[in-house]
Amino acid sequence: MKRITLLVTSGILALGVIGCQKGGPQGPQETTSKDEQLAGEAVTVGETGAGTKLFILNEGAFQANNCTLDFLRYADGCYISDAFGKMNPTVPLGLGDTGNDIAVYDDKIWIVLNGSGAVTVLDARDESLIGTLEVPAPRHLAFIGNDLYVTSYEGAVWGGEAVLGAVYGFDVKTLQPDGKQTVGCQPEGLAASNGNLYIANSGGYQANGYEMTLSVLDATTLEKTDEIPVADNLHEVLADDSGNLWITTYGIGEYDAEWNYVQTVACNLYRYDIASGKISRIPDVHASRICRWKDGIAAIGNDAELAGGESWSVHFIHGDGTLAGTLPQVPEGTLYGLCWNPSNDDFYLTTTDYTTPGKVYAYDAAGKPKWSAQAGLNPAHLAVW
Amino acid sequence: MVIGALFLCGHVAGQNVLPPAHVLESAPAGATEPTDTIPSHVLQRSTHLTDALRGLTGIQLRDYGGLGGLKTVNIRSLGSEHTGVFIDGIPVDNAQNMQVDLGRFAPEMYTRVQVYNGQRDALLQGAREYGSSAVLYLESAPPLADGRPWRLSVRMTAGPFVAAQPSIILEKCLGRVTARLSGGAVFSNGQYPFHVQDTRIGPDGTLTGYDTVMVRRGGDLRSLRAEGQLFGRGWRLHGYVYGSDRGLPGPVFKRAGDWPQSRDRQRDLNSFLQGGGRWAIGQRNTLKIKGKYSYDDLTFRDYSEYDATLAPAEFRYRQHQIYLSAADAQDMTSWWKISLAADFQMNALQSNLPHFVQPRRYTGYAAFSNLWVFRRLKATASLLYTRLWDISLAGKSSRQALSPFVSVHVRMMPGWTLEGFAKRSFRMPSFNDLYYTTVGNASLRPEDAWQFQLGSAWAGGPWQLRGAVYHNRITDKIIAVPAASQFRWSMYNIAQVRILGAEVRAGYSRQLGPHAVSATLRYTYQKARNAGDSPWAGHQIPYIPVHSGQTDIHWEFRGWSADLCLAAWSERFSSQANLPAYRLAPVLTLDASLSREWPLGPGSLSVSLQGRNLTGSRYEIVKGYPMPLVQGLLSLGYRL
């Protein structure tokens, strides 16, 4: 029976190899990496000037140990699934459980694995494992200089004893821990700007009310310098190049008289001008997830997401808070992740149905569909390198 | 169905008579052959009920591993919620999630287990017995049918890393009433080694992978069970109490550092008191009344895996159930019998979950059934009407349904019958489906199941053959799979499922001088396809193998007995997307046991050695829940 398994596995791999037809111009980037021989499915023609790779982190299902990393190689337009598994076949239990964030920094891929309690560090050139940082229930990450910062729920469980969350610091070269500071309950996103860290506290596990502030830390000392009230149940925070912080909320849902779960407060988007300290809500934009876009941000949202609403939209917003436009054609399904490529202005979206493999869609600067590919389960977080 | 002891206790104690073939409560009038039966001798030697059940034709046993892992049955891919479990004709329920954990019942209490697809073709049944797509009957018989005044048996089972499992049964004659008292306990640390492994072609083109031995931890179990039965003439009473405290180790996934997989714990108290009786009214009419009260109390504690000093989140669920049933059967003519049945049931669920709606459900069932017998032809037709009312803090709602059933049996020649049935049944969403605050989905639609079957049975000499082909159609099937732990379920509607199946059972039993040999071969083919409007239409639904089968061989010789059980099933998928990432490999397992019984003092001593999974198969029934490798158990028993 084991032999049958092997035959099937190798058959599938062989199909993958045959399926990829290399074509298009070869990139000028020097790709000395060992993953060059990985062949996936050619989903687009190769292009230059777009970067080397687009990484897609598939969250997997909670406690199913099926978080996977995919990438698109710009040089030949090949989409490679489960690159971590293919490049690290001897690592027991693969990448791990429930990916929650990804970033490329210092030519390394930093993957937050919420279920595994780890930040896994890979070489961006060939996805080979460099090291694993232990962080309890990690959520999101940010970098300043030589330092990595990760938000953590610490030991909190839903409905259990109230526990303050924390920010953990690590040196990106030595991978050694170099500091920790407690913040609010269940901290989610964090952003780095001008030597400060801004942490969005959610309080999502709290029985007696949500958190509503951004905690501000001095990145060098990790001393808490300020608390900025924004709104209940904060989610993400991003810093743009125009001196703003963009903050989203999870929204609030509750049961109505007929026991239908309805969203009473939508996933809202706030802009915080760091210099003036002014905070304003961007009207008519619902933001379940945001990413950097030109001088401002892009947002995917739904006016009734927690209640399972399906009216999805993608907004592009300038740094000054004005609406730059919307994506004309939104793919079917639940929008789950988004990313902007600063090199060629391409824009990426991911979709999911939570139980079967999702998809990645690429659009050009004019919003025209460019390519799409089947990703893993719950593709949610993307990073361009 | 309750017919009571046919024998009054006599005074033949001390005589070493072999008990006659077990006198069961006689099967209800008109009952036909079940799809499959587990006989008494298999139940008596099993240490766990699920060990005996898993060979039943068409059954899928879901097992989360270890003694404390949840164990449920699913018959012909219809889902465990469609499988009614009855103890002596009275339903075992779990209104919260409709998953009856069979791990807490003791096999030695029962004389046989029978499976019927569709329903049992019988009169004088409770109306609820007409409501499921498949029925599993656990049946006990009055003790001391051989006329002894009392009997005592004790047993102790232990294994190197699993459990100590003592049990006792005392049977006693009390004048015109016989009693059976039984107690048992299970102590297990739940630790067993398992492999995590993967093989693939590495970046350099060579075959590579990993194979690591890990130890399953956090799945300890302590349980205590006490039950008693009283059998009178035409009535019986059964009381049951079970308490347990167990760890829920959860699925295996990668954890950094030394953080454990899970520290979650569950404490249960399950109890019921049930009974019934039957009375003849005149020559041609019989009345049967039965009832039950059950109380289940479950406390789930979610401890932090990262900080053992923190207090856990504690969620408590209490369920009350009242069940009352009256059935009446009347002989209209010599060839036509009818039966009317009316059942009432109340289920209440209370919980300390935030925003919980404390639902109560009142259900009324009314069934009318007919049985016709003309020479070699037997036909039945029944109609069940179900109406339920849900009352909760969220408001009131009501649902109703009609479930028709027809069957025909033709005796072609002695020993050979042809049979067929058609049935529509449905299952209401459970309280969890509707109201569970973190995964409940009020918009879930109820499941509607149509079943059609054609079958044939043949018996001749030492041989017994039985085969069936069937087609099941389910609309709005709800698939429930534990997400975060066994206790938190995520659920989704797969809109349409079409199941095409075939099953064969061949049995052989023979006495060859001092040797008694029997063998049973079972094979099931099931294509259970998602037929809805989905990119994964045509794919096999999760956890259902296309091929499955089991061979059991039993041999007895002068106090020795040996058993061999070989079970195998083909690949399965844990997702409705049948992709390699969700594939579970085919499995083959071999179990064997050898026992010997000696007369010792006034009674007899038995020693039994069991080996489970002797092939050392590394397998999971549910993805992420590894099953133990080779496992040995030693049982010592003494019978007076």
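Hydrogens, waters and symmetry mates are skipped; everything else that's a heavy atom, side chains included, is used. What you see is a predicted model; the values in this text were computed from it and never measured. Chain naming here is simple, since letters A, B, ... match the order of the sequence lines and numbering starts at 1 in each.
For the set A:G159, A:P136, A:G96, A:A137, the entry with the most heavy-atom pairs within less than 4.5 Å of chain B is A:P136. For the set A:C67, A:G155, A:P92, the count of heavy-atom pairs under 4.5 angstrom toward chain B peaks at A:P92. Heavy-atom pairs under 4.5 Å with chain B peak, among A:S81, A:G376, A:G160, A:G85, at A:G85. Top candidate by heavy-atom pairs under 4.5 Å with chain B, chosen from A:G94, A:A118, A:A61, is A:G94. Of the listed residues (B:S392, B:A581, B:A308, B:A313), the greatest number of heavy-atom pairs within a distance under 4.5 Å of chain A belongs to B:A313. Residue with the most contacts toward chain B among A:P357, A:S116, A:G115: A:S116 (heavy-atom pairs, distance under 4.5 Å).
The side-chain heavy atoms of A:Y168 and A:P177, taken from C-beta on, include no pair separated by under 4.5 Å. Proximity of A:N65 to B:V252: side-chain heavy atoms (C-beta onward) are nowhere separated by under 4.5 Å. Between A:D97 and A:Q63 the shortest side-chain heavy-atom distance falls below 4.5 Å.
Residue A:L95 touches chain B through its backbone alone, counting heavy-atom pairs closer than 4.5 Å. The contact between A:V91 and chain B is made by backbone and side chain atoms together, counting heavy-atom distances below 4.5 Å. Contact of B:Y582 with chain A is made through the side chain alone, with heavy-atom distances under 4.5 Å.
Checked against salt bridge (charged side-chain N to carboxylate O under 4.0 Å, His left out), A:E127 has the following partners two or more places apart in sequence or in another chain: A:K53. Contacts of A:Y153 classified as ring-ring contact (aromatic ring centres under 6.0 Å, His included), with partners at least two apart in sequence or in another chain: A:Y205.
A salt bridge is defined here as a Lys NZ or Arg NE, NH1 or NH2 lying under 4.0 Å from an Asp or Glu carboxylate O, and A:E154 with A:K180 meets this definition.
For the residue pair B:T208 / B:T206, no side-chain donor-acceptor distance below 3.5 Å is found, with atom types taken as modelled.
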